[in-house]
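Count residues from 1 along the sequence. Indexing begins at 1, ligand by ligand and atom by atom, following the structure's order. All values reported here derive from a predicted model rather than from experimental measurement.
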Amino acid sequence: MEERKRIVVVGGGITGLTSAYYLQKEAREKDYPLDVKLLESSDHLGGKIDTVQKDGFTIERGPDSFLARKESAGRLAREVGLGDELVPNGTGQSYILVNGKLHKMPSGSFMGIPTRVRPFLFSGLFSPVGKARAALDLVKSKKTIEGDQSLGLFFRRRLGNQVVENLIEPLLSGIYAGDIDRLSLQSTFPNFYDLEQKYGSLIKGLRQTYPMKKPKKGEKKPSMFRTLRNGLGSLVEAIDERLEPGTVQKGVKVDHIEKKANGYHLLLSDGTVKEADAVILAAPHYAVQRMLSQYDFLEPFKETNATSVANVAMAFDASAIKKDIDGTGFVVSRNSDFRITACTWTHKKWPHSTPGGKVLLRCYVGKPSDQEVVGKTDEEIEEIVLNDLNKTMNITAKPEFSIVTRWYDAMPQYTVGHKQRVNEITEQMEKDLPGVYLAGNSYRGIGLPDCIDQGEAAVQNVIDFLYH
Ligand code: FAD
């Protein structure tokens with residue numbers, strides 16, 4: 001009989017959970033004799049996914065949803081029996097706060113790039129000069145660049161500084177919590193470079209490939225995101241329930257990994273050693289570098305910065321909001337005198353999350369230039385947020401309750417050259433650490449579907465390594 005193979009997954013976030021789930025599924029379906037262990041250093045399974053149920057509210061401390069067009073997250077939810085629980089976001093007007101004033105997000109824009117002319121022409125977000133500069137994209141010749149370039153510089157060249165600072169930057173830094181002039185185009189939106197090369201213009205390229213028709217009167221905007229009725233934590237629970245008993249070990253940190261003649265030894269924080277024939281490293285890059293500190297080729301992970309962010313969810317009685325805005329939330333431009341970076345009207349974006357007659361706001365702090373705010377006390381963060389909110393809304397009462405969450409070193413910064421660095425490290429791992437694979441938000445995409453894709457790819461790599 002074929003010898004049983006031992007696979008250890010390090011990290012119990014969505015990437016590690018996906019890996020363990022699909023490994024066991026493959027093993028069952030294809031009769032591979034596999035033993036899978038998932039080691040998680042904390043007492044909480046799910047990593048950044050963390051749902052709190054309180055007084056009838058469903059509150060996400062980490063991610064609240066995933067992009068529907070990237071299919072792996074919805075597929076995983078259906079796999080684990082949650083197909084009926086998938087909920088689309090409530091759509092509505094979103095805003096951008098520029099120079100202290102809320103402006104409507106121009107309709108027909110994709111990630112801030114205009115695809116229809118009229119909403120841009122009439123937007124108060126840009127001066128006539130800013131609008132004319134953006135229109136230059138239609139005629140400005142393309143620039144072919146070998147390798148990577150900065151996301152910010154790319155957009156500045158195509159559309160000008162105003163569109164970048166008042167629209168693109170606030171939208172993108174909401175996703176990456178970074179400085180867009182340092183972030184990598186290749187690792188974030190490589191398709192925008194391809195559009196420039198193919199169509200000579202971003203606006204023309206998007207119109208061809210992603211036409212956004214003017215909605216008919218009364219027609220609702222399509223919802224782009226999905227979540228689960230009882231929160232994303234229910235996905236973690238459903239996966240956990242489907243893992244074979246004894247798969248997950250919480251509260252044990254992998255301190256060090258050594259390559260041996262017949263596989264790997266993982267030295268754990270409880271003093272024990274776990275042996276493995278293959279390993280999936282679904283932990284952040286800095287943790288991986290520490291586990292394998294004897295390998296110099298992982299040094300670039302030491303220099304890969306990860307920013308910290310905090311958010312505060314605040315529950316109110318609807319009567320407390322005197323000047324409400326009809327919409328789903330706003331992002332804040334850097335040139336505004338605000339410390340919050342964004343605010344979601346969660347009760348409108350996700351109506352199922354909030355009991356009738358109540359309001360749930362979720363605000364974010366922690367710009368790259370304001371990292372110290374994350375270390376402030378709960379009371380201080382709440383005060384900063386309410387102070388900022390009252391510049392645009394009129395909130396007369398204290399929240400019925402609030403939940404502050406800090407995420408330290410949580411947002412890995414994909415700076416220029418990131419993809420190449422990860423590729424080089426991966427190639428070197430194939431030589432020096434065969435059977436060890438990286439997956440997760442430090443490497444090839446930060447969205448939940450990207451993490452799930454990476455978990456699935458790591459499973460295929462492990463199967464190929466062990467059996468083909
Ligand atoms: P993690 O969730 O970080 O999991 C890694 C796990 O490894 C952790 O549990 C950690 O404890 C464990 N670990 C670390 N070191 C060791 C060790 N030595 N030994 C054992 N275990 C170890 N994405 C979206 O798609 N939609 C959103 O709405 C969204 N919103 C977000 C909001 C916030 C506030 C944050 C912080 C992120 C958000 N993201 C969102 C991004 C997304 O949540 C993450 O990219 C994703 O959850 C990362 O999953 P992961 O499994 O790769 O890593």
Side-chain angles (χ1 to χ4, degrees), residues 8-20 37-51 59-70 72-74 89 174-177 224-228 231-233 235-236 239 248-257 266-270 274 279-293 306-313 329 341-342 344 346 349-350 362-366 374 404-412 414 438-455 458:
V8 176
V9 177
V10 183
I14 191 63
T15 310
L17 285 164
T18 302
S19 307
K37 290 276 176 239
L38 184 150
L39 307 176
E40 164 55 45
S41 57
S42 72
D43 294 324
H44 160 83
L45 207 55
K48 310 254 159 36
I49 298 179
D50 193 356
T51 307
I59 294 171
E60 299 288 4
R61 306 185 79 140
D64 70 358
S65 58
F66 51 83
L67 260 178
R69 81 184 146 79
K70 296 190 173 182
S72 55
N89 61 294
I175 303 173
Y176 291 98
M224 288 169 56
F225 299 96
R226 298 286 180 275
T227 194
L228 291 163
L232 292 174
L235 178 62
V236 172
I239 300 173
V248 175
Q249 209 178 330
K250 288 189 264 185
V252 276
K253 183 166 161 251
V254 176
D255 282 332
H256 192 64
I257 302 180
L266 288 85
L267 280 56
L268 310 188
S269 51
D270 62 3
K274 187 78 74 198
V279 181
I280 295 179
L281 296 170
H285 58 284
Y286 48 84
V288 164
Q289 193 277 329
R290 278 183 221 135
M291 288 173 221
L292 291 161
S293 55
T307 47
S308 304
V309 288
N311 62 72
V312 46
T341 54
T344 309
T346 307
K349 187 175 174 196
W350 303 112
R362 191 169 174 229
C363 296
Y364 308 80
V365 291
V374 181
V404 176
T405 308
R406 295 171 190 75
W407 292 106
Y408 287 105
D409 303 326
M411 307 297 283
Y414 291 2
L438 293 173
N441 76 339
S442 285
Y443 313 107
R444 298 182 192 275
I446 64 160
L448 294 170
D450 303 299
C451 293
I452 293 167
D453 287 341
Q454 292 177 70

Asks: Test of understanding: given a 4.0 Å heavy-atom threshold, classify the contact between Cys451 and ligand 1 as side chain, backbone, both, or neither.
Replies: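 Within the 4.0 Å criterion, Cys451 contacts ligand 1 through side-chain atoms alone.
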Asks: Looking only at distances, please establish whether an N/O atom of ligand 1 is found under 3.5 Å from an N/O atom of Glu40.
Replies: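 Between Glu40 and ligand 1 (N or O atoms, distance only) the closest approach is under 3.5 Å.
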Asks: Do any N/O atoms on Asn441 end up under 3.5 angstrom from N/O atoms on ligand 1?
Replies: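 Yes; at least one N/O pair falls below 3.5 Å.
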Asks: Quick one: NZ on Lys274 to CD1 on Ile257, what's the gap to the nearest 0.5 Å?
Replies: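 Output value for this atom pair is 13.0 Å.
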Asks: When you measure from atom 16 (C) of ligand 1 to each heavy atom in Gly11, Gly16, Ser41, which option holds the nearest one?
Replies: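 Closest candidate by heavy-atom distance is Ser41.
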Asks: How far does CG of Asn89 sit from OG1 of Thr346, to the nearest 0.5 angstrom?
Replies: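 Output value for this atom pair is 12.0 Å.
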Asks: Could you check atom 23 (N) of ligand 1 against the protein and tell me its nearest heavy-atom contact, residue, atom and distance included?
Replies: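 Going by distance alone, atom 23 (N) of ligand 1 is nearest to Leu448 N, 3.8 Å.
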Asks: For atom 19 (N) of ligand 1, which protein heavy atom lies nearest, and how many Å away is it?
Replies: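 In this structure, atom 19 (N) of ligand 1 has Val254 N, 3.0 Å as its nearest protein heavy atom.
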Asks: To check your reading of the model: name the closest protein heavy atom to atom 5 (C) of ligand 1, its residue, and the distance in Å.
Replies: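 The closest one turns out to be Ala282 O, 3.6 Å.
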Asks: I'd like to know if the side chain of Thr18 and the backbone of Ile452 have a donor-acceptor N/O pair within less than 3.5 Å.
Replies: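 No, the answer is negative, given that no donor and acceptor are paired below the 3.5 Å cut-off.
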Asks: Taking 4.0 Å as the limit for heavy-atom contacts, which would you say applies to Met411 with ligand 1: side chain only, backbone only, both, or neither?
Replies: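 Looking at Met411 and ligand 1, just side chain atoms fall under 4.0 Å.
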Asks: For ligand 1, which atoms sit closer than 4.0 Å to a heavy atom of Val10?
Replies: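 The atoms of ligand 1 under 4.0 Å from a heavy atom of Val10 are 19 (N), 20 (C).
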Asks: Kindly identify the option in Ala287, Ser65, Pro284, Gly62 whose heavy atom sits closest to atom 27 (C) of ligand 1.
Replies: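 Shortest heavy-atom distance from atom 27 (C) of ligand 1: Ser65.
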Asks: Is it true that a side-chain atom of Tyr286 and a backbone atom of Asp409 form a donor plus acceptor pair closer than 3.5 Å?
Replies: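 Yes.
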Asks: Say whether, by atom type as modelled, one donor and one acceptor occur between the side chain of Ser72 and the main chain of Pro449 under 3.5 angstrom.
Replies: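 Yes: the side chain of Ser72 pairs with the backbone of Pro449.
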Asks: Once you restrict to heavy atoms under 4.0 Å, what part of Asp64 touches ligand 1? Side chain, backbone, both or neither.
Replies: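 The answer is both, backbone and side chain.
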Asks: I'd like to know if the side chain of Asp43 reaches the main chain of Lys250, judged simply by a donor and an acceptor atom lying under 3.5 Å from each other, with no hydrogens or angles considered.
Replies: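 Not at all, since once roles are kept as given, no pair shorter than 3.5 Å links the two residues.
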Asks: Is the side chain of Glu60 donor-acceptor paired with the backbone N or O of Leu232 at a distance under 3.5 Å, no angle test?
Replies: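 Indeed, once roles are kept as given, a pair shorter than 3.5 Å links the two residues.
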Asks: Using distance alone, decide if ligand 1 has a nitrogen or oxygen within less than 3.5 Å of any nitrogen or oxygen in Thr15.
Replies: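 N/O-N/O distance below 3.5 Å exists for this pair.
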Asks: Could you check atom 1 (P) of ligand 1 against the protein and tell me its nearest heavy-atom contact, residue, atom and distance included?
Replies: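 For atom 1 (P) of ligand 1, the nearest protein heavy atom comes out as Lys48 NZ, 3.8 Å.
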Asks: Out of Gly46, Gly12, Ser19, Pro63, who gets a non-hydrogen atom closest to atom 29 (C) of ligand 1?
Replies: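 Ranked by closest heavy atom to atom 29 (C) of ligand 1, first place is Pro63.
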Asks: Should the proximity of Leu17 to ligand 1, defined as any heavy atom under 4.0 Å, be assigned to the side chain, the backbone, both, or neither?
Replies: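 Neither part.
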Asks: Please tell me if the side chains of Ser41 and Val254 come closer than 4.5 Å, counting only heavy atoms from C-beta onward.
Replies: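 No; the side chains remain at least 4.5 Å from each other.
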Asks: Suppose we measure from atom 49 (O) of ligand 1 to each protein heavy atom; which comes out shortest, and what is that distance?
Replies: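 Ranking protein heavy atoms by distance from atom 49 (O) of ligand 1, first comes Ile14 CG2, 3.6 Å.
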Asks: Kindly compute the distance separating OG1 (Thr15) from CG (Asp450), expressed to the nearest 0.5 Å.
Replies: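 That separation rounds to 9.5 Å.
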Asks: Kindly compute the distance separating OG (Ser308) from CE (Met411), expressed to the nearest 0.5 Å.
Replies: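 Ser308 OG to Met411 CE: 10.5 Å, rounded to 0.5 Å.
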Asks: N/O of Ile49 under 3.5 Å from N/O of ligand 1, yes or no?
Replies: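 No; the residue has no nitrogen or oxygen that sits under 3.5 Å from a nitrogen or oxygen of the ligand.
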Asks: Is there a side-chain contact between Tyr176 and Ile446 (heavy atoms, below 4.5 Å)?
Replies: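 Answer yes - side chains close enough.
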Asks: I'd like the name of whichever of Tyr286, Trp407, Tyr408, Tyr443 reaches closest to atom 34 (C) of ligand 1 through any heavy atom.
Replies: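 Residue with the shortest heavy-atom distance to the ligand atom: Trp407.
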Asks: Of all the atoms in ligand 1, which lie at a distance below 4.0 Å from a heavy atom belonging to Gly440?
Replies: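 Near Gly440, the atoms of ligand 1 are 52 (O).
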Asks: With side chains defined as the heavy atoms from C-beta onward, is the minimum distance between Ile14 and Leu235 less than 4.5 Å?
Replies: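 In contact.
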Asks: Can you tell me which residue and heavy atom of the protein come closest to atom 45 (O) of ligand 1, and the distance to 0.1 Å?
Replies: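 Answer for atom 45 (O) of ligand 1: Ile446 O, 2.5 Å.
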Asks: Is a side-chain N or O of Thr307 found less than 3.5 angstrom from the main chain of Ala177, in a donor-acceptor match?
Replies: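 Pair found, side chain donor or acceptor close to backbone of Ala177.
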Asks: Report, in ascending order of atom number, the atoms of ligand 1 lying under 4.0 Å from any heavy atom of Gly447.
Replies: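 What qualifies from ligand 1 is 23 (N), 25 (O).
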Asks: Less than 4.0 Å between a side-chain N and a carboxylate O, is that true for Lys70 and Asp453?
Replies: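 Here Asp453 does not pair with Lys70 in a salt bridge, since their nearest N and O are not under 4.0 Å apart.
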Asks: Number the atoms of ligand 1 from 1 as they appear, then name those within less than 4.0 Å of a heavy atom of Gly47, with their elements.
Replies: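 Heavy-atom distances to Gly47 below 4.0 Å select 2 (O), 4 (O), 9 (O).
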Asks: When you compare the side chain of Ile49 with that of Leu17, does any pair of heavy atoms fall below 4.5 Å?
Replies: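 No, too far: nothing below the 4.5 Å cut-off.
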Asks: With heavy atoms only and a cut-off of under 4.0 Å, state how Met291 meets ligand 1: side chain, backbone, both or neither.
Replies: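 For Met291, only side-chain atoms sit under 4.0 Å from ligand 1.
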Asks: At what distance is the nearest protein heavy atom to atom 4 (O) of ligand 1, and which residue and atom is it?
Replies: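 Protein heavy atom at minimum distance: Gly13 CA, 3.4 Å.
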Asks: What are the atoms of ligand 1, with element, lying closer than 4.0 Å to any heavy atom of Leu39?
Replies: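 Selected atoms, number and element: 20 (C), 21 (N).
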